[in-house]
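Each remark here refers to the structure printed beneath this line.
Letters A, B, ... mirror the listed sequences (proteins, then strands); counts begin at 1.
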Amino acid sequence: MKTEPSTYSIDRLMAEKTTHWEGIRNYQARNFMMRDMRIGDDVIIYHSNASPPGIVGLAVIASDAYPDHFSWDDASPYYDPKSTKENPRWFMVDVAFRSKFKNMIPLEVLKSDPNLNDMLLVKKGTRLSIQPVQEDIFDYIIRTYQS
DNA sequence: GCCAACGTTGGC
DNA sequence: GCCAACGTTGGC
């Protein structure tokens, strides 16, 4: 799951322990939350629009998907008039902190590792803010880079 | 249903 | 700040 540290960082997640992952406004990303995520699933936290961008820690899914009420709040940057309480368009999940890497893994390092050529994150044109990570890739990253 | 125009993401 | 690569919107 990607987040811009200026909006919500791994440090804040570490301090708050659990958060709701509001603001997803892309159908594919939403569908991953609604269809594929299960409580207890491991999550890689990635800082985008950071210097450098990269993987900063781990988290775990802590709820099923439920309506993102920020989409109903016209004072929120995530407001969407097409989403209503009766017919919610956008959903979120709760995410619980698991760990922060002592040394984050810069995107540049991920890109230069041939074992990660198939990881969506390093592929050109993949902008999704929520991406599935294959189990073997997840395990490889933990084994190789976790610190 | 097509597609031009526009908006967003996110690395650099 | 630039801009490539998407995604969305809305007229037709």
Side-chain angles (χ1 to χ4, degrees), chain A residues 1-16 18-37 41-134 136-138 140-142 144-147:
Chain A
M1 297 176 90
K2 297 184 190 174
T3 181
E4 301 193 13
S6 60
T7 302
Y8 196 91
S9 67
I10 186 79
D11 287 330
R12 194 159 154 209
L13 180 61
M14 182 163 62
E16 295 182 357
T18 301
T19 191
H20 36 71
W21 208 263
E22 76 274 16
I24 299 300
R25 296 294 178 268
N26 170 283
Y27 289 106
Q28 220 180 329
R30 181 201 70 176
N31 292 343
F32 283 131
M33 288 195 294
M34 296 181 75
R35 297 173 187 166
D36 300 319
M37 283 182 172
D41 280 355
D42 290 313
V43 176
I44 290 174
I45 301 294
Y46 176 89
H47 276 178
S48 60
N49 264 321
S51 342
I55 291 172
V56 290
L58 300 177
V60 60
I61 298 301
S63 80
D64 291 324
Y66 57 98
D68 180 346
H69 58 81
F70 291 89
S71 68
W72 310 327
D73 175 4
D74 63 8
S76 166
Y78 302 125
Y79 177 61
D80 180 354
K82 289 171 182 163
S83 182
T84 62
K85 283 188 187 182
E86 295 69 32
N87 189 15
R89 172 175 296 207
W90 303 116
F91 287 74
M92 58 186 173
V93 294
D94 290 346
V95 173
F97 176 78
R98 175 160 284 171
S99 65
K100 177 189 174 184
F101 290 178
K102 200 175 296 173
N103 301 110
M104 59 96 69
I105 316 167
L107 177 61
E108 190 183 6
V109 170
L110 301 169
K111 278 183 170 173
S112 66
D113 185 339
N115 291 306
L116 296 178
N117 284 348
D118 290 334
M119 189 179 189
L120 283 177
L121 186 66
V122 304
K123 291 195 174 182
K124 196 179 173 191
T126 309
R127 304 181 317 182
L128 272 179
S129 59
I130 296 179
Q131 303 176 3
V133 179
Q134 277 188 286
D136 57 341
I137 291 182
F138 181 91
Y140 173 80
I141 289 172
I142 300 308
T144 310
Y145 294 109
Q146 189 176 24
S147 53

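When the side-chain nitrogen and oxygen atoms of A:K124 are compared with OP1 and OP2 of C:dA5, one or more of them lie within a distance under 4.0 Å. Residue A:K111 has a polar side-chain atom (N or O) positioned under 4.0 Å from OP1 or OP2 of B:dC12.
Side-chain atoms of A:F32 and A:V93, non-hydrogen and from C-beta on, never get closer than 4.5 Å to each other.
The two residues A:A50 and A:P5 have their closest heavy-atom pair at CB-CG, 3.7 Å. The two atoms that bring A:S99 and A:I10 nearest to each other are O-CD1, 4.0 Å, heavy atoms only.
In this structure, A:K123 places its NZ atom 17 Å from P of B:dG10, rounding to the nearest Å. Per the geometry, CE belonging to A:M1 stands 13 Å off P belonging to B:dG10, to the nearest Å.
The backbone N or O of A:Y79 lies less than 3.5 Å from no partner atom in the side chain of A:D74, so there is not a single donor-acceptor pair. A:T3 contributes a side-chain N or O that, together with a main-chain N or O of A:Y8, makes up a donor-acceptor pair within less than 3.5 Å. A:R98 contributes no side-chain N or O that, together with a main-chain N or O of A:D42, makes up a donor-acceptor pair within less than 3.5 Å.
Each of A:I45, A:L121, A:I44 was compared with A:K2 under the side chain to side chain contact (heavy atoms under 4.5 Å, CB included) criterion, and only A:L121 meets it.
Between A:H20 and A:H69, the ring planes lie perpendicular to each other; the angle is over 60°, past the 30° to 60° tilted range.
Contacts with DNA chain C (heavy atom under 4.0 Å) in residues 70-79 of chain A: none are found.
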Could you please spell out the steps behind the ring-ring contact (aromatic ring centres under 6.0 Å, His included) verdict for A:W72 and A:Y78? CA-CA 8 Å; A:W72 310 327; A:Y78 302 125; over 10 Å; no
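Between the side chains of A:N103 and A:Y145, no donor N or O sits under 3.5 Å from an acceptor N or O.
Computed from C1' positions of five pairs at each end, the angle between the two local axes of the helix from B:dG1-C:dC12 to B:dC12-C:dG1 equals 10°, rounded to 10 degrees.
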For nucleotides 6-9 of chain B, give me every protein contact, N/O to N/O, under 3.5 Å, one pair per line with atom names.
unit_1, atom_1, unit_2, atom_2, d
B:dT8, O2, A:R127, NH1, 2.8
B:dT9, O3', A:R127, O, 3.4

